[in-house]
2 protein chains.
Amino acid sequence: MSKRTEKTIVDIAEELKLSISTVSRALNNHPNISAKTKEKVKKMANKLGYRPNAMAAGLRNSRSRTIGLVVPRISMFFPATISTVIQNKLHEHGYHVLICQSNDSLEQEIALAETLYSTRIDALAVSSTLYTTDFSHFDIFKDNNIPLVFFDRVPKDYQVKVVKGDDYLGGFTVTEHLIEKGCKDIVHISGPLTCNLYVDRVAGYKHALKKHKLAFKKSRIFYQELTRENALQVCEQIFAKQPWPDGIFAANDTTAITIMEYCRKLNLRVPEDIKIVGYSNDPRAEIITPSITSVDQFPALMGERVAAALLELMQQPVTIPQRYSEEIVPIQLIERVSSAAIVATRKAGVRKKLK
Amino acid sequence: MSKRTEKTIVDIAEELKLSISTVSRALNNHPNISAKTKEKVKKMANKLGYRPNAMAAGLRNSRSRTIGLVVPRISMFFPATISTVIQNKLHEHGYHVLICQSNDSLEQEIALAETLYSTRIDALAVSSTLYTTDFSHFDIFKDNNIPLVFFDRVPKDYQVKVVKGDDYLGGFTVTEHLIEKGCKDIVHISGPLTCNLYVDRVAGYKHALKKHKLAFKKSRIFYQELTRENALQVCEQIFAKQPWPDGIFAANDTTAITIMEYCRKLNLRVPEDIKIVGYSNDPRAEIITPSITSVDQFPALMGERVAAALLELMQQPVTIPQRYSEEIVPIQLIERVSSAAIVATRKAGVRKKLK
DNA sequence: CCGAAAATTGCAAACGTTTGCATAAAATAG
DNA sequence: CTATTTTATGCAAACGTTTGCAATTTTCGG
């Protein structure tokens with residue numbers, strides 16, 4: 001209820017007839033302050049309801065103890081999980097995390113970089129927009145030796161620390177899995193090639209085809225933002241004319257789910273008539289019927305790696321210029337019903353006979 | 001690559017042989033700076049790569065242009081959606097949002113309040129822990145007239161702005177819905193009563209029973225944190241002895257989903273043998289088979305309301321002390337298959353015959 | 001009990017802005 | 001061409017810390 005309270009260390013100093021510097025040091029547990037002075041100061045600080053002013057401290061020693069985090073959106077499973085982990089981890093070390101969303105807009109990402117720099121964050125982690133190919137808006141950070149880590153959606157040819165999933169292996173594994181389950185004509189629904197993730201997955205897809213002597217057909221691969229709407233549109237195209245594919249590798253689970261629903265409408269049985277695999281292991285993939293095979297990207301692990309990288313960079317002497325270094329987080333195929341082999345009448349098969 | 005760059009307005013002033021104040025005013029578009037000076041200053045600012053130092057500015061006029069947001073966790077659908085909206089909305093108005101997670105730990109929530117205060121946030125929005133009944137750790141904000149808004153999980157008897165869902169109506173609507181679909185013995189799985197949400201929903205549940213002359217039985221209601229594990233445990237209890245209930249009102253969708261899976265194992269048909277309703281309208285509720293009836297709480301709308309409240313409070317004269325005021329966001333029952341009436345052989349019914 | 005070393009404490013500048021007030025320059029009126 | 005208003009710029013203090021260095025006090029060996 002009181003106004004203009006805002007006690008400062010000056011108030012404590014006056015109250016105790018000590019110098020400001022002594023109070024400051026006492027509160028920070030500086031070694032050459034006597035134990036009883038510290039005691040006294042802290043007690044008085046409590047009594048007055050003193051709270052340190054982070055901005056003043058930050059200004060003085062140009063460290064905000066805040067780190068920035070830029071992700072496309074936090075309402076999506078994968079980035080949300082990573083953000084959670086990063087935030088909790090860094091908080092343990094006394095850092096705040098400014099979580100920001102680019103909403104997959106390059107323009108917003110650029111603005112974000114600018115204003116984040118203004119708050120003098122101590123470090124920055126970013127998973128870029130789908131469409132970011134020029135990363136120069138992050139140069140300010142590099143130029144001022146502010147630790148910068150990219151994860152998941154990362155740049156290439158940009159001197160910076162990178163933590164990414166094994167998307168090449170992911171693409172390969174999924175495709176080979178489908179082939180082994182009997183697919184001969186596999187459609188791949190990819191995100192735009194402006195994003196590293198999809199480039200790598202496509203490469204894995206192609207490699208698997210080649211290895212198993214299946215022809216790669218341009219017409220069997222689609223590039224677009226992986227939304228529900230786009231997935232529906234692609235379905236229209238795919239199923240407009242025969243022959244229909246017998247396997248679909250969707251680069252995210254939203255797409256996989258949408259396609260499965262579409263197939264149901266066409267009275268196509270999954271996995272008997274067509275097999276579907278998604279990516280990211282969204283919780284929905286497990287829960288839907290039939291459950292969808294997907295790729296676990298271990299978001300929590302990735303989050304930890306990113307947090308660790310940030311912390312490490314922050315305690316390095318400022319002089320070392322950042323270089324490109326890549327850390328790869330493993331992936332794991334989670335086999336479920338949507339891509340199961342069709343073994344005569346196994347229980348799973350029966351269940352899917354309906355409709 | 002350069003070091004100790006950090007251009008300041010002083011550099012601009014020197015370069016242009018102007019005073020620091022003029023530069024400052026020019027950059028802030030102060031009215032009594034001539035147009036050409038502004039032009040000149042801005043051009044030079046650009047040339048030098050000047051970036052304002054938010055901490056210095058914040059220190060000077062004690063506004064950080066940052067607002068705090070405390071939620072239990074951002075990896076859950078409901079708070080994630082709200083956070084997204086709040087963040088985007090406030091960003092439009094030039095504010096940063098410091099999104100923090102209490103992980104449903106009161107201890108962490110208290111620590112968060114403390115450190116958020118230290119960063120001198122301009123306002124704070126919080127959805128509290130399940131177990132927060134004493135809110136005095138937020139007193140600092142009230143005492144210093146820092147706008148404070150609670151949402152979803154809110155305190156009672158605490159002088160503060162509150163934005164909440166209509167949980168009473170939600171509880172009532174769900175229960176009545178189950179009754180109208182023919183249920184006579186409805187179990188309610190509630191969260192702990194330390195949290196307002198569940199108190200209200202329980203009240204609604206009881207009211208609906210009463211209205212329809214069904215007896216309320218203490219043994220038919222369970223209070224616990226709504227995790228998957230707890231849900232399984234409750235299932236064990238419920239189905240350990242007959243009679244089994246014919247309707248279940250779960251206070252979140254994770255619980256509803258878990259129960260449905262459990263029922264499937266028992267060869268109980270949903271909705272023929274038992275009807276299930278969840279809460280929050282998690283994306284999984286729609287996608288699972290059978291789809292689960294749930295309650296949409298319009299998280300985006302709630303987010304907008306919270307953001308609006310924060311903005312409004314921030315531009316109020318600081319002197320007005322905060323009072324309790326309640327804003328209620330509507331809810332809507334989303335009817336799906338899990339609670340459908342058993343009408344002989346409608347198509348939906350047939351589909352569920354399997355197994 | 002003296003003097004030097006060790007342990008404490010204090011002074012004052014600095015961090016980069018913003019802003020009330022004073023001053024200087026330009027515009028207008030008489 | 002003054003006198004007066006209007007417009008534009010500059011001075012200097014303040015925001016709340018931290019920290020190098022100087023100053024003071026305490027400790028202790030001899």
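Per chain, numbering begins at 1; letters A, B, ... match sequence-line order.
A side-chain donor from one of B:Thr132 and B:Glu109 sits under 3.5 Å from a side-chain acceptor of the other. For the residue pair B:Lys38/B:Asn28, the side-chain donor-acceptor check at 3.5 Å is not satisfied. Under 3.5 Å, the side chains of B:Ser34 and B:Thr37 contain a donor-acceptor pair of N or O atoms.
For A:Arg63 and C:dC15, the CZ to C1' distance is 15 Å, given to the nearest whole Å. Distance, A:Leu27 CG to C:dT9 C1': 15 Å, rounded to whole Å. Computed from coordinates, the B:Asp11 CG to C:dT17 C1' distance equals 13 Å when rounded to whole Å. Per the geometry, CZ belonging to B:Arg51 stands 13 Å off P belonging to C:dT17, to the nearest Å. Going from atom CE of A:Met55 over to atom P of C:dT17 covers 14 Å, rounded to whole Å. Whole-Å rounding puts the B:Lys7 NZ to C:dT17 P distance at 12 Å. At whole-Å resolution of the value, CG in A:Leu59 and P in C:dT17 are 9 Å apart. Summarising the geometry, the separation between CD1 on B:Ile9 and P on C:dC15 is reported as 13 Å, rounded to the nearest angstrom.
In this structure, B:Ala57 and A:Leu18 both approach DNA chain C, and ranking their closest nucleotides by distance from the 5' end singles out A:Leu18. Residue B:Thr22 is the one, among B:Thr22 and B:Ala56, whose nearest nucleotide of DNA chain D lies closer to the 5' end (criterion: closest heavy atom).
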Let me have the donor-acceptor pairs involving side chains of residues 45-58 of chain B, under 3.5 Å, with sequence neighbours excluded, atom names and distances please.
unit_1, atom_1, unit_2, atom_2, d
B:Arg51, NH1, A:Glu114, OE1, 2.9
B:Arg51, NH1, A:Glu114, OE2, 2.3
B:Asn53, OD1, B:Met55, N, 2.9
B:Asn53, OD1, B:Ala56, N, 3.1

Go through B:Ser102 and B:Gln108 one step at a time and tell me if the side-chain hydrogen bond (donor to acceptor under 3.5 Å, both in side chains) criterion holds. CA-CA 5 Å; B:Ser102 65; B:Gln108 286 190 51; over 6 Å; no

Going through the checks in order, is the side-chain hydrogen bond (donor to acceptor under 3.5 Å, both in side chains) test met by B:Asp134 and B:Tyr158? CA-CA 9 Å; B:Asp134 174 7; B:Tyr158 194 65; over 6 Å; no

Please determine whether side-chain hydrogen bond (donor to acceptor under 3.5 Å, both in side chains) holds for the pair A:Thr22 and A:Ser19, giving the CA-CA distance in whole Å, both sets of side-chain angles, and the decisive distance to 0.1 Å. CA-CA 5 Å; A:Thr22 305; A:Ser19 76; 2.9 Å; yes

Mind running side-chain hydrogen bond (donor to acceptor under 3.5 Å, both in side chains) on A:Ser21 and A:Ser24 for me, showing each step along the way? CA-CA 5 Å; A:Ser21 28; A:Ser24 170; over 6 Å; no

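With C:dT17, C:dT19, D:dT17 as the candidates, the nucleotide lying closest to the side chain of B:Tyr50 is C:dT17.
Between A:Phe135 and A:His137, the ring planes lie parallel to each other; the angle is under 30°, not in the 30° to 60° tilted range.
Residues of residues 28-46 of chain B that place a heavy atom closer than 4.0 Å to DNA chain C, in numerical order, are B:Asn28.
Remark: B:Ser19 is in phosphate contact with D:dG10, judged by side-chain N or O atoms under 4.0 Å from OP1 or OP2.
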Set out, line by line, the N/O atom pairs under 3.5 Å between protein and nucleotides 20-27 of chain D.
unit_1, atom_1, unit_2, atom_2, d
D:dG20, O6, A:Arg25, NH2, 3.0

